[in-house]
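All values below come from the heavy atoms of this structure, side chains included, with hydrogens, waters and symmetry mates left out. Letters A, B, ... mirror the listed sequences (proteins, then strands); counts begin at 1.
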Amino acid sequence: MLELAAIALVKVVILSFGLLTAAAYLVLLERRVAAWVQDRRGPNRVGIPLTSIRLFGLGQPLADGLKFIFKEEFTPSHVDRWMYTLAPISILATALAVFAVIPFGDVLTLGGERTIELVVAPGFDAGAIYVFALSSLAVYGVILGGWASNNKYSLLGGLRSSAQLIAYELPLSLGLLGVVVVTGTLRLDEVIRTQANEGIWFAFAQPLGLIVFVIASFAEAARLPFDLPEAEQELVGGYHTEYSGIRLLMYLVAEFMHMITASFLIVILFLGGWHFWGLTDAAAWGIEGEAVPLWLGVVRIVVLMAKVFVVILFFMLTRWTWPRFRFDQLMNLAWKVMLPLGIANVVMMAVVAEFEVPLTDRLGRGGVIGLTWVGTLLTLIVAALLVPLHSDNRRRSIEPDLFGTS
Amino acid sequence: MAAIWLPIFLFVAFGALLAGGMLVAGFLIGPHRRNPVKEMPYESGMDPFHDARRRFSVRFHVVAVAFLVFDVELLFLYPWAVASRQAVGIDAAVQQGFVGGRGLVFGGVMLFVALVVLGFVYDWRKGVFRWR
């Protein structure tokens, strides 16, 4: 018991500080990507202090962190003091604790009998549910902060973001459900193992689920085109308008964590986790038996990290490519498009998983054209025909909605 | 059981401690200079004319209720999704005679999904999802 606690604590400490550092450097990366997209230089000055070595601005995150700590820790007098303090703590703690069940690779075999589980809580059956439970708790951080600030901008931002977060929670969990239906497990490492053993990524087996899940994760992470919680031009800072110093830092870090979590989930559920054809298969390297040598375990970690990095880059590039949705468009998309699409996906995958449907197997892959691809295309076409374009802002005398009274 | 939950409790506790520690560090290190302008709510430089504890649109409440209903209903599907693919799940129940057959369970779940969709259509017709 004590040994277990010690191992878990070491993992927790390494992971927490690793994630905080990763978030800090991803901020730098995001600013450099932004600069690259907008054809300017970006932060490239801060390197090693007291020298003229710049190192492409790698000192910037450290300088930013220090600056945040040395800022005044200020609580305005008009706020609800307890909730105002509690909100950033709750959002940061939950954003960190989500990573307790996220696997960072396959089981790592050291020399002899020793193995390392690359997940903080190994063998936790309800991993996916836990992730969703904690990421829903993020809503509390948002609404508490917005309400406690006693500021109109904060209140509006908090209301908006909580409505957005709960609305996109449903498509998110429907996207997950599609995967659970075919794998029959809530353990994230088992989901990866299914994909690795079968050699199919669920992105190819259930494209509709991928679409729904990716869009919903963008909204859950409050990234553009869904960054209404802190639409700077309308709400100043949204729910963290009244926050400054280290508490603002906590909010910003937590927001970045949500993006990292979302990337991990997309990779684990739909992009095969640590699996890559030929590169991570033990059989392809001529290795017999269950035990995987250390170097192959490291290769798997690298593959997983590379995929996560690519998805994070996708998040960043999307941010600088897309305009923001209007709030009614956002809610329409969630309730009238994403939710039906998600249900369609779940029903489709349930039928595929339950019956021997011709042209496809129980994981949803088929011949050249899997049945799920046909289903996806059909569903998307139907949705496109029934729901008016989100870019179409014309006023209508007749309601354009599917069911007449909208 | 405790072995499975322990790391998770540790992680949550450590996260909260870390966040609390950051707050304390900021409190100890940073300067403390209060002034009346800083105390005011930030409203883009205007003097605030009353506080933010005001009524807000009932839409948010309706959406919250709709979310609650659908989220709980979706949560009911997870046990079935897991049980339908595991050795100790529905197959074992069918073998031991608790359920008539797999098809019956599947039919029941599809009926449940149909009811959810029915509720969804009702909400849509009632205009729950309409934002102006």
Side-chain angles (χ1 to χ4, degrees), chain A residues 4-5 8-9 12-13 16 69-74 76-78 85 88-89 92-93 96-97 100 120-121 123-124 129 150-153 155 159 163 166-167 169-170 173-174 177 180-181 183-186 236 241-242 245-247 250 327-328 331-332 335-336 339 343 347 353-354 403 405-406, chain B residues 2-8 10-12 14-16 18-20 22-23 25-27 29-34 38-44 51-54 56 60 63-64 67 70-71 74 77-78 81-82 84-86 89 102 106 109-110 113 116-117 120-121 124-125 127 129-132:
Chain A
L4 187 93
L9 197 63
V12 165
V13 172
S16 300
I69 292 177
F70 283 104
K71 280 284 176 186
E72 180 173 0
E73 170 68 17
F74 182 73
S77 57
H78 55 90
T85 313
I89 293 182
L92 184 61
L96 274 174
V120 174
F124 186 60
I129 295 280
N150 200 358
N151 175 323
K152 281 154 222 148
Y153 288 129
L155 180 68
L159 276 175
I166 64 175
E169 191 82 24
L170 294 173
S173 89
L174 280 167
L177 196 59
V180 176
V181 162
T183 55
T185 180
L186 288 168
V236 188
T241 303
E242 287 290 323
I246 201 99
R247 300 182 211 216
M250 283 153 77
F327 195 71
D328 58 328
M331 296 309 273
N332 270 341
W335 290 101
K336 296 185 179 174
L339 193 61
I343 293 177
V347 171
E354 185 73 19
F403 298 107
T405 53
S406 111
Chain B
I4 289 174
W5 282 97
L6 184 73
I8 287 175
L10 270 177
F11 211 149
V12 175
F14 185 78
L18 191 70
M22 282 164 79
L23 273 186
F27 185 77
I29 296 173
H32 295 276
R33 284 185 286 270
R34 306 184 80 87
K38 245 191 241 176
E39 301 276 355
M40 279 198 294
Y42 177 75
E43 288 185 4
S44 308
D51 76 352
R53 300 279 185 263
R54 313 210 63 207
F56 53 83
F60 291 104
V63 158
F67 160 75
F70 286 117
D71 203 38
L74 288 183
L77 289 176
Y78 282 96
V82 174
S84 70
R85 302 285 281 176
Q86 298 228 331
R102 275 190 77 90
F106 187 76
V109 170
M110 284 301 120
V113 172
V116 172
V117 171
F120 177 66
V121 170
W124 192 326
R125 284 202 65 119
F129 310 132
R130 183 163 49 186
W131 286 77
R132 285 280 155 81

Item to check | Heavy-atom proximity to chain A below 4.5 Å, by part of B:Val109 | outcome: neither

Next on the checklist: Taking the side chain as everything from C-beta on, heavy atoms only, tell me whether B:Tyr78 gets closer than 4.5 Å to A:Ser173.
Outcome noted: yes

Checklist entry - Which of parallel (below 30°), tilted (30 to 60°) and perpendicular (above 60°) describes A:Trp335 and B:Phe70? => result tilted

Item to check | Proximity breakdown for A:Lys71 and chain B, heavy-atom pairs closer than 4.5 Å | outcome: backbone

Checklist outcome for this item: Most contact-rich option vs chain B, by heavy-atom pairs under 4.5 angstrom, among A:Val181, A:Ile166, A:Ile246, is A:Ile166

Checklist entry - Given that the side chain runs from C-beta out, which part of B:Phe67 has a heavy atom under 4.5 Å from chain A: side chain, backbone, both or neither? => result both

Next on the checklist: Quick check on the interface: out of A:Val120, A:Val180, A:Leu170, who has the most heavy-atom pairs with chain B under 4.5 Å?
Outcome noted: A:Leu170

Next on the checklist: Any salt bridge linking A:Glu72 with B:Arg33? Criterion: basic side-chain nitrogen under 4.0 Å from a carboxylate oxygen.
Outcome noted: no

Next on the checklist: Given heavy-atom pairs under 4.5 angstrom as the criterion, report whether the side chain, backbone, both or neither of A:Phe70 touches chain B.
Outcome noted: both

Item to check | Side-chain donor/acceptor of A:Asn151 to backbone N/O of A:Glu242, under 3.5 Å | outcome: no

Checklist entry - For B:Leu10 and A:Ala8, which heavy atoms make the closest approach, and how far apart are they? => result CD1-CB, 3.9 Å

Next on the checklist: Taking B:Asp71's backbone N and O only, do any of them form a donor-acceptor pair with A:Glu169's side chain (distance below 3.5 Å, no angle check)?
Outcome noted: no

Checklist entry - Quick one: what part of A:Ser77 sits under 4.5 Å from any heavy atom of chain B, side chain, backbone, both or neither? => result both

Next on the checklist: Between B:Phe27 and B:His32 (judged by ring centroids, cut-off 6.0 Å), do the two rings come close enough to count as a pair?
Outcome noted: yes

Item to check | Part of A:Leu177 lying under 4.5 Å from any heavy atom of chain B | outcome: both

Next on the checklist: For B:Phe11 versus A:Leu96, what's the shortest heavy-atom pair and its separation?
Outcome noted: CZ-O, 3.4 Å

Item to check | Under 4.5 Å from a heavy atom of chain A, the part of B:Leu23 involved | outcome: both

Item to check | Contacting moiety of A:Leu92, where chain B heavy atoms sit under 4.5 Å | outcome: side chain

Checklist outcome for this item: Checked A:Ile343, A:Leu4, A:Leu159, A:Thr241 vs chain B; the most non-hydrogen pairs under 4.5 Å come from A:Leu159

Checklist outcome for this item: Output for pair (A:Thr183 OG1, B:Arg85 CZ), nearest 0.5 Å, gives 8.0 Å

Checklist outcome for this item: If one checks every heavy atom of B:Val113 against chain A at 4.5 Å, the contacting part turns out to be side chain

Next on the checklist: Under a 3.5 Å distance rule, please check whether B:Arg34 uses its side chain to pair with a backbone N or O of A:Phe74 as donor and acceptor.
Outcome noted: no

Item to check | Selection from A:Met250, A:Arg247, A:His78 maximising heavy-atom pairs under 4.5 Å formed with chain B | outcome: A:His78

Next on the checklist: Which atoms of A:Ile69 are under 4.5 Å from chain B, going by heavy atoms: the side chain, the backbone, both sets, or neither?
Outcome noted: both

Item to check | chain A contact via B:Phe14 - which portion, at a heavy-atom distance below 4.5 Å | outcome: side chain

